[in-house]
Amino acid sequence: METPLQTGYEAISYYGHKPSSNIENREEKRLASPRASAAKELYFEAKSSVSIEFPYWYTRRWEELEGEIPIVRRGESLKAGFEHLTPVIYPGELLVMGKAGYLRGSYPMPWLSEAFFMAAEDKLYQEALNSGKLTADTFTTVGKGGGNVTGSSGNVISLAGKFGLRVEELPVLLEVAKKWYGKSVDDVGHRYEQLVPGYSEKEALMRSVICMFDSGYTLPQGREVINFYYPLQYGIDGIIRICEEGISDTAGYPDMDRIYFYTGVISMLKGIRSWISNYAEEANFLASIEKDEKQKNEYLDIAERLEWISTKPPRTFHDALQVIWIFHVAVLNEDAISGLSPGRIGQILYPYWKRDMEKGIIDRERTLELLECMRIKFTEIDCFASMGVVGGVLSGNTFNNLCIGGLKKDGTQAANELEMLILESGITCDTPQPTLSLLYDEKLPEEFLLKGVECTKIGTGYPAWVNNQVAMEFLLNNYGHEGMQIEEARAWAIGGCLETSPGSWMPLNLDGKIHWIPGGSAPATSVGVHFLSLPKLLEVVLFDGMDMRSGQRIFPSHGFDLKTYDELWKAFQTYFHRAVHVLTLTNNIQHDAWRKISPSLVNSMLKPDCLERGKDIGQMGSRYNTTFNVESCGTANLVNSLASLKKNVFDEKNFSLKDYQSAILANFGYKTAQETGSYSLLDQVATADYQNWKKIHKFSLEAPKFGNDDSYVDSIMAQWENWFCTMTHEFRSLYDQPLYACQISVSTHGPMGAVTLASPDGRLAGTTFSDGSMSASPGTDRNGPYALFESASCWNHSLSQNSQMNIKIHPSVVKGREGSRKFLELIRSYMRKGGFHVQFNIVDSRMLKQAQEEPEKYRSLLVRVAGFTQYWVELGKQIQDEVISRTEYEEL
Amino acid sequence: MEYSCKDCRFYLPVDVFKGLCKMEKTSITPDDLSCSKFERQPKCKFCTHYSVEKDFLGKCMGTTITSPDLNASKCDDFTWVHLN
């Protein structure tokens, strides 16, 4: 007999009353300009497409330069890639250029890894599978709609369930990929990581998906803030001159390693210069065949602008915005990157904009139109990577986070009129990219905060609300030893979806006046141990080192009898420590392979103080280098599980640990999520065996749950956080700096949940974990948002690079001006308690259910996942089910 | 010789399935047969240095592997093959 979950849970969980019978729409939003609307329509029609141009020319040049110094060879190869990219300009564009020759174009980078896009029967693919590199792919679901090319058809081949490749390009792609066999970052890193004592544990951790992926060759850069100062101040030819002077100053002297860096940068910049000029040429060509006078003039304007900025610094706001876009894409083209944040560009561009406004060169309407065009360009960004990375981590998103607010160098509030327009463009042109983060500070003006609320309310999921003071405290704690002081801590921004990243103030000289502009000042701030599944690790503790799903041993016996809660906690600490140890060492080796084979040149050139020091970011050329972390996933499920075991086994002795082991293996008498086809706990189906496990499941579900202001479980959260955030400092990165804690799930809570058996908190096998780290487990937060805030503030968030909280609110609750005020007070209360981050889905969950059934009717529906906003139809089912199951607040 | 739109210099790819005609502003597919306004796009298969190896694979100057459909408009060595 099959029965629905018999625990008082319903298909959708509500706090407060149930919503009215009709599905409530979000608040009406203002429309985008006709230009942006047309571009958005074209985007909706476009599929993710892969081109081979860049990897082909890169590899060809690389082979030609066999024996050359690696960083010089790299610069020449990047040059070859850039200068051979086919320019594509779409009608109506005001900002042009992109990663590859398609609207949503991207390309594989076989110099990082070549195995995963081989055919499944290929030897290389099988080798990767056996080593655990591809296990996460197997348990990942990719969205079936939107721009994903989920299956091959006609002359198009589907790669990783997302990208389309023309059939005529496949043979050369495979030939190019095979040239990197044994030479890619992945292969070289793998060869040497096996030298780490206990390496087999690393492969076991990957195969069991306790750890999700290696950052060294999957996404070696990103989760950082770009810095646009040098191209804005000096232009391309100005930077080349800086490099030429650097060569003259150091050639033949003991630190002459610098000449190779400068030589590589010069080559790369010449490639970028050609790339821009090729676009200018294309714009002139389009103008020559254009009959419409307005469009013709726009092409000519594009051509003139590109010709100018291909060598010189920008003259206007429009020029500067185009420069920013070009260098953003240029960085994305040197590595597989997610989470490259443009940072606080409203403050960077403000001096240009203000001057143009004063001169009457631009008005607000035109500014808004340009900002909408910028949103479309950012939304077009795709990142080519394996299914596990694209689906299981990124959900097709690339996390280009634009930050607003915060403080200026002098400590006064930094919001400005251009940032108000950035928010407005986020309302009128609601697209996933760039996502917005508002750096909340008590000094920010009310009008600005209410504008942020207005944007969040229409259901965009952005801006996320991030605590400026907490972030600065984290930065001073972690970068103080590298010289950071309070003034520079104010230059920070979010890198990626939610990674606190250090910045610096750079002196932009415009018409003889200095404007201190913020920008990123460190390489990727989130590489290292990615991600660790906390509930799965607890499962391995309960089974004394075994992964019972696969039957493989992960660790030797922990040696504890688990007779007390204290022993259970110590056993968990032991395994966690062991995992972090081996993963840190193997990741260090992979990143060492990356910096040797594929050193960053574009990003390095941009980051202070690489040009001054003549060193790339892999050689610690950046001002700040404490950038490796340990990322966790499934925090609420771990804490709730520990609370359940503490209460039911050790305190009240309702059940033995053996009872729990049996119940977990029996999945509390339910079918698995894979069997039911839903990954939400609320949709699971009981088997006839359910009665045997009903009692223990009921007790597990009713055990104290995080998010209800219950000290029993909140003290466990505090214990976990205080230990986790401290123990990470014991480990050293490749750059000999301590690691720190990072607590965002992105989308990993889907595939990581999929491989995890039932957990002691009552969660069932295969269901998606709770998202983020401060989000309650779906349906368990029954005392409202303020109780959730109390629970979440049981520890000091500045100990960690971040914490993440998602809340789902019914649209009716925040309607109107009064709703906005109420909403702002809610956010403010969490910030004042020291919460680091909160973000919102303002949506009726029933609409999401309907969208799951009729996706074709909801192409433009946006939802917030965990640090990013994405089109509903482009999310995998694991994540869709989890978003639906989150508690919906009907009252504040 | 029969050409398709993807071989035309007026073809603007949107994705792997479709594109726009730069002249007519119409939606077309890369595999559509070319029209009277067709002009060849420089591609490896139209270059004197290209030799066929097998389906969708060839060599440049007899040494370097390449794809017949690779855009060669930015290749310094590109030389139009003579059309009969």
Side-chain angles (χ1 to χ4, degrees), chain A residues 42-43 45-53 56-57 59-60 63-64 80 82-91 100-105 147 149 153-158 163-176 178-179 274-275 278 281-282 285-286 289-292 295, chain B residues 3-33 37-39 41-47 49-61 63-78:
Chain A
L42 189 62
Y43 172 83
E45 289 170 18
K47 302 287 182 188
S48 288
S49 299
V50 164
S51 149
I52 57 154
E53 278 181 334
Y56 173 79
W57 287 103
T59 304
R60 182 168 165 158
E63 293 220 306
E64 286 169 359
F82 279 116
E83 66 191 8
H84 287 96
L85 278 174
T86 301
V88 285
I89 298 174
Y90 297 97
Y102 295 110
L103 194 87
R104 296 183 68 174
V149 181
S153 65
N155 288 329
V156 173
I157 291 163
S158 168
F163 304 96
L165 174 75
R166 292 287 306 174
V167 68
E168 57 268 24
E169 295 195 353
L170 182 65
V172 77
L173 171 62
L174 294 178
E175 289 296 323
V176 165
K178 282 179 179 167
K179 287 180 188 299
S274 300
W275 177 44
N278 292 341
E281 193 184 310
E282 173 70 3
F285 168 68
L286 290 171
I289 59 171
E290 182 59 55
K291 297 177 189 79
D292 180 275
Q295 178 65 75
Chain B
Y3 295 106
S4 55
C5 284
K6 69 173 188 286
D7 295 328
C8 178
R9 74 179 298 209
F10 300 122
Y11 181 67
L12 173 61
V14 172
D15 60 28
V16 286
F17 295 100
K18 60 190 172 295
L20 298 169
C21 175
K22 293 175 189 174
M23 292 288 271
E24 302 298 326
K25 311 282 177 57
T26 49
S27 184
I28 50 179
T29 82
D31 301 312
D32 287 346
L33 287 179
K37 290 178 179 166
F38 176 81
E39 283 184 29
Q41 169 79 15
K43 284 188 166 188
C44 285
K45 65 187 176 189
F46 301 138
C47 176
H49 302 303
Y50 180 76
S51 54
V52 176
E53 286 280 300
K54 53 184 175 182
D55 277 358
F56 303 132
L57 207 60
K59 278 197 170 161
C60 172
M61 300 186 186
T63 54
T64 312
I65 209 84
T66 190
S67 164
D69 281 286
L70 194 70
N71 185 350
S73 60
K74 305 301 170 195
C75 176
D76 292 340
D77 297 316
F78 179 80

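In the text below, chain A, chain B and the rest are named by the order of the sequence lines, each starting its count at 1. Scope of the values below: all heavy atoms of this structure, side chains included, with no hydrogens, waters or symmetry mates.
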(request) Measure A:Glu63 against the heavy atoms of chain B and call it side chain, backbone, both or neither at under 4.5 Å. (result) neither
(message) A quick test of your reading: do over 12 heavy atoms of other residues, nucleotides or ligands sit less than 6.0 Å from NZ of B:Lys37?
(response) no
(request) Pick one of side chain, backbone, both or neither for B:Leu20, based on which atoms fall under 4.5 Å of a heavy atom in chain A. (result) side chain
(request) Answer yes when B:Asp31 and A:Arg166 have at least one side-chain N-carboxylate O distance shorter than 4.0 Å, and no when they do not. (result) yes
(request) Report the option among B:Thr66, B:Asp55, B:Asp69 that has the most heavy-atom pairs separated by less than 4.5 Å from atoms of chain A. (result) B:Thr66
(request) Can you tell which part of A:Phe285 gets under 4.5 Å to a heavy atom of chain B, answering side chain, backbone, both or neither? (result) side chain
(request) With a 4.5 angstrom heavy-atom cut-off, could you sort out which part of B:Ser67 is near chain A: side chain, backbone, both or neither? (result) both
(request) Find the distance between OG1 (B:Thr64) and OH (A:Tyr56) and round it off to the nearest 0.5 Å. (result) 6.0 Å
(request) Flag the pair B:Lys43 and A:Glu168 as a salt bridge only when some basic side-chain nitrogen lies within less than 4.0 angstrom of an acidic carboxylate oxygen. (result) no
(message) Given heavy-atom pairs under 4.5 angstrom as the criterion, report whether the side chain, backbone, both or neither of A:Val156 touches chain B.
(response) side chain
(message) Set out, in order, the CA-CA distance, both residues' side-chain angles and the distance that settles side-chain contact (heavy atoms from CB on, under 4.5 Å) for A:Glu281 and B:Lys74, then state yes or no.
(response) CA-CA 11 Å; A:Glu281 193 184 310; B:Lys74 305 301 170 195; 3.4 Å; yes
(message) Can you tell me which portion of A:Val176 sits under 4.5 Å from chain B's heavy atoms? Options are side chain, backbone, both or neither.
(response) neither
(request) Using non-hydrogen atoms and a 4.5 Å limit, figure out which bit of B:Cys60 sits close to chain A: side chain, backbone, both or neither. (result) side chain
(message) Under 4.0 Å between a side-chain nitrogen and a carboxylate oxygen: does that hold for B:Arg9 and A:Glu282?
(response) no
(request) Return yes if some donor-acceptor pair links the side-chain N/O of B:Lys18 with the main-chain N/O of A:Glu45 below 3.5 Å, else return no. (result) yes
(request) Can you measure from CG (A:Leu85) to CG (B:Asn71) and round to the nearest 0.5 angstrom? (result) 10.0 Å
(request) Check each atom of A:Glu64 against the heavy atoms of chain B and say whether the ones under 4.5 Å are side chain, backbone, both or neither. (result) neither
(request) Any chance you could measure B:Leu57, atom CG, to A:Leu173, atom CG, to the nearest 0.5 Å? (result) 11.0 Å
